Amino acid sequence: MILLMTVLGILVFVFGLLVSIAWHELGHLSTAKLFGIRVPQYMVGFGPTIWSRKKGDTEYGIKAIPAGGYIRMIGMFPPGEDGRITARSTSPWRSMIEDARSAAYEELEPGDETRLFYTRKPWKRVIVMFAGPFMNLVLALAVFFGVWMTFGVNMQTTAVRSVTPCVIQQSQNRDVCRAGDPVAPAKAAGLRADDKIVAFDGERVDDWSVLQERIRATVGPATLTVLRDGRELTLKATLIPNQVAKTNGEGGYVEGQYVTAGFLGFTPKTETVQLGFGESVDHMGEMVDAGVQGLLKLPSKIPALWDAAFGDGPREADSPMGIVGAARISGEIATLDIPATDRMVFFLQLIGFFNLSLFLFNMLPLLPLDGGHIAGALWESLRRNLARLFKRPDPGPFDVAKLMPVAYVVAGIFVCFTLLVLVADVVNPVKIS
């Protein structure tokens with residue numbers, strides 16, 4: 001049964017992956033057709049074609065490997081400086097440029113002269129290339145907002161799960177009181193499990209992070225207003241300095257780092273809380289910021305990832321994870337002994353994370369990513385507008401094909417990184433707890 005549920009979970013993720021890829025490419029396809037660009041192919045996946053059908057001048061199909069997708073647009077690059085589409089060179093770098101340019105015209109048909117991608121105004125090309133990642137962002141927003149506003153999100157609250165009996169420095173890594181340990185201020189004040197702190201020193205609080213900051217900033221007498229059995233009570237506590245885990249400013253903790261701060265001594269409850277639209281917007285902003293920071297930190301995570309794949313290092317919880325790793329997580333989720341609704345929420349959020357990552361990754365201003373083509377179109381627009389402003393000759397389209405050698409280098413780095421993540425996902429996968 002466990003094997004069956006694991007396979008089912010993996011298939012659910014693969015289906016969500018295919019939908020996400022198709023949705024991404026649909027953004028490119030629809031806007032390209034809107035602006036009159038001919039699109040010979042719309043494919044989901046890579047490798048051998050499993051199924052295809054031609055409708056109009058576009059072939060729609062599904063390929064064997066669900067690791068991406070593409071649409072083929074005619075005239076992605078302008079002709080060379082001599083006006084020719086094909087030429088040969090003894091320089092390997094120059095050959096890359098010429099091969100890329102030739103591939104962009106290999107399905108050119110009579111009448112396509114007015115349907116080439118590079119002939120469209122820069123703002124139209126920006127829209128075509130941005131539409132794919134934007135579709136992933138839209139899908140991520142729909143998934144996350146739907147989950148948060150319907151099912152809710154697990155959050156630490158100001159309710160009390162348990163009261164710490166004594167004061168222990170967190171760096172000691174123990175939870176058993178010893179003789180001589182002072183009584184924790186919360187216990188001495190009479191705080192109990194299931195109490196809900198609604199005010200601290202007379203100021204109302206309903207957010208755990210705010211309450212945590214207030215507690216850590218206080219040493220000495222303080223008043224707690226708690227809700228117990230439907231009635232509000234006022235408790236008097238004397239907070240003391242203690243060594244506690246350093247926070248990262250995002251509701252989490254920095255592993256292995258400690259600070260001296262005010263200490264009360266209780267563990268907050270984690271509850272599923274439905275978010276309103278405004279709260280969902282704020283939460284989404286935090287996720288996007290965390291995603292951007294994660295992208296910027298990718299290079300620094302490679303050594304630990306290498307050690308996890310080929311050495312004895314542990315696989316960190318925030319380690320980069322690929323499609324194989326995400327599929328394994330999906331399989332594990334399917335086997336969890338939790339309500340079906342919770343499993344569905346896990347699946348949906350996994351697809352949401354995948355689409356948000358696709359959006360952020362594709363917006364990097366590097367070829368062959370969509371962001372690289374967007375950067376090229378914006379640079380062309382800037383050049384032409386400056387030429388017009390200073391009454392200089394029109395420099396013409398920016399030849400993105402000249403950047404193909406750089407694109408091959410970038411693609412090579414991405415392939416190597418993807419293979420490293422794949423090995424780590426197979427031999428030392430990230431596991432849910």
Side-chain angles (χ1 to χ4, degrees), residues 1-21 23 66-67 136 139-157 159-162 175 193-194 208 248 250-253 255 267-275 279-280 283-284 286-287 290-291 294 301 304-305 308-309 313-358 421-433:
M1 187 65 179
I2 292 179
L3 177 61
L4 176 63
M5 293 302 295
T6 300
V7 172
L8 181 61
I10 292 173
L11 290 177
V12 168
F13 174 76
V14 171
F15 176 76
L17 176 66
L18 288 173
V19 170
S20 301
I21 294 169
W23 185 245
N136 292 122
L139 186 55
L141 289 172
V143 168
F144 284 130
F145 277 53
V147 168
W148 297 338
M149 297 176 69
T150 304
F151 299 102
V153 61
N154 286 333
M155 298 179 64
Q156 288 181 309
T157 67
V160 179
R161 188 179 77 185
S162 61
D175 53 13
D194 296 326
W208 161 246
N248 60 9
E250 301 172 357
Y253 298 95
E255 186 176 356
T267 302
K269 278 186 177 181
T270 298
E271 299 176 353
T272 301
V273 180
Q274 283 187 335
L275 302 184
E279 293 171 315
S280 296
H283 198 43
M284 193 69 211
E286 294 171 359
M287 287 189 60
K301 293 182 180 295
L305 188 62
R315 188 75 185 274
E316 298 174 356
D318 61 347
S319 173
M321 184 170 56
I323 292 174
V324 171
R328 291 186 68 152
I329 290 292
S330 184
E332 288 186 43
I333 290 171
T335 64
L336 293 179
D337 185 19
I338 57 176
T341 301
D342 291 347
R343 284 201 294 268
M344 182 177 68
V345 168
F346 271 119
F347 285 134
L348 287 173
Q349 293 199 112
L350 187 61
I351 296 300
F353 283 122
F354 178 76
N355 278 272
L356 179 60
S357 299
L358 271 181
V421 172
L422 174 62
V423 172
D425 284 342
V426 171
V427 303
N428 193 357
V430 175
K431 296 181 180 179
I432 58 177
S433 58

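Atoms considered below: every heavy atom in the structure, side chains included; atoms not considered: hydrogens, waters and symmetry mates. Computed from a predicted model, the values in this text were never measured in an experiment. Positions are given from 1, in the same order as the sequence printed here.
- Nearest heavy atoms, Val421 versus Pro320: CG1-O, 4.0 Å.
- Residue Ser280 comes nearest to Leu275 through the heavy atom pair OG-CB, 3.6 Å, listed as atom of the first residue, atom of the second, then distance.
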- Task: Report the C-alpha separation of Met284 and Phe145 in whole Å, then their side-chain angles, then the decisive distance to 0.1 Å, and conclude whether the side-chain contact (heavy atoms from CB on, under 4.5 Å) test is met.
- Result: CA-CA 8 Å; Met284 193 69 211; Phe145 277 53; 3.9 Å; yes
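- Within the 3.5 Å criterion, the main-chain N or O of Gly146 finds a donor-acceptor partner in the side chain of Thr150.
- Taking NE2 from His283 and CE from Met149, the interatomic distance works out to 13.0 Å, rounded to the nearest 0.5 Å.
- By the side chain to side chain donor-acceptor pair (under 3.5 Å) test, Thr270 is found to be paired with no residue, residues two or more places apart in sequence or in another chain being considered.
- The shortest heavy-atom contact between Leu305 and Ala424 is CD1-CB, 3.8 Å.
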Identify every side-chain donor-acceptor pair in residues 341-356 under 3.5 Å, counting partners at least two apart or on other chains, and give the distances.
{"unit_1": "Arg343", "atom_1": "NH1", "unit_2": "Leu336", "atom_2": "O", "d": "3.1"}
{"unit_1": "Arg343", "atom_1": "NH1", "unit_2": "Ile338", "atom_2": "O", "d": "2.9"}
{"unit_1": "Gln349", "atom_1": "OE1", "unit_2": "Trp148", "atom_2": "NE1", "d": "3.4"}
{"unit_1": "Asn355", "atom_1": "OD1", "unit_2": "Asn136", "atom_2": "ND2", "d": "2.8"}
{"unit_1": "Asn355", "atom_1": "ND2", "unit_2": "Ser20", "atom_2": "OG", "d": "2.8"}
{"unit_1": "Asn355", "atom_1": "ND2", "unit_2": "Ile351", "atom_2": "O", "d": "2.9"}

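- The two residues Asn428 and Gly313 make their nearest non-hydrogen contact at ND2-O, 3.2 Å.
- No side-chain heavy atom of Asn154 sits under 4.5 Å from any side-chain heavy atom of Glu271.
- A donor-acceptor pair under 3.5 Å links the side-chain atoms of Asp425 to the main chain of Gly322, judged by distance alone.
- No donor-acceptor pair closer than 3.5 Å links the side chain of Arg161 to the backbone N or O of Thr267.
- When all heavy atoms of Glu279 and Gln274 are compared, the pair lying nearest together is OE1-O, 4.2 Å.
- Between Ser330 and Gly9, the shortest heavy-atom distance links the atoms OG-O, 2.5 Å.
- Asp194 has its side chain within reach of Lys269: a pair of non-hydrogen atoms, C-beta onward, lies under 4.5 Å apart.
- Atom CG of Leu17 is separated from atom CG of Leu358 by 8.0 Å, given to the nearest 0.5 angstrom.
- Of the residues Ile329, Ile323, Leu8, Ile333, the one that meets the side chain to side chain contact (heavy atoms under 4.5 Å, CB included) test with Phe13 is Ile323.
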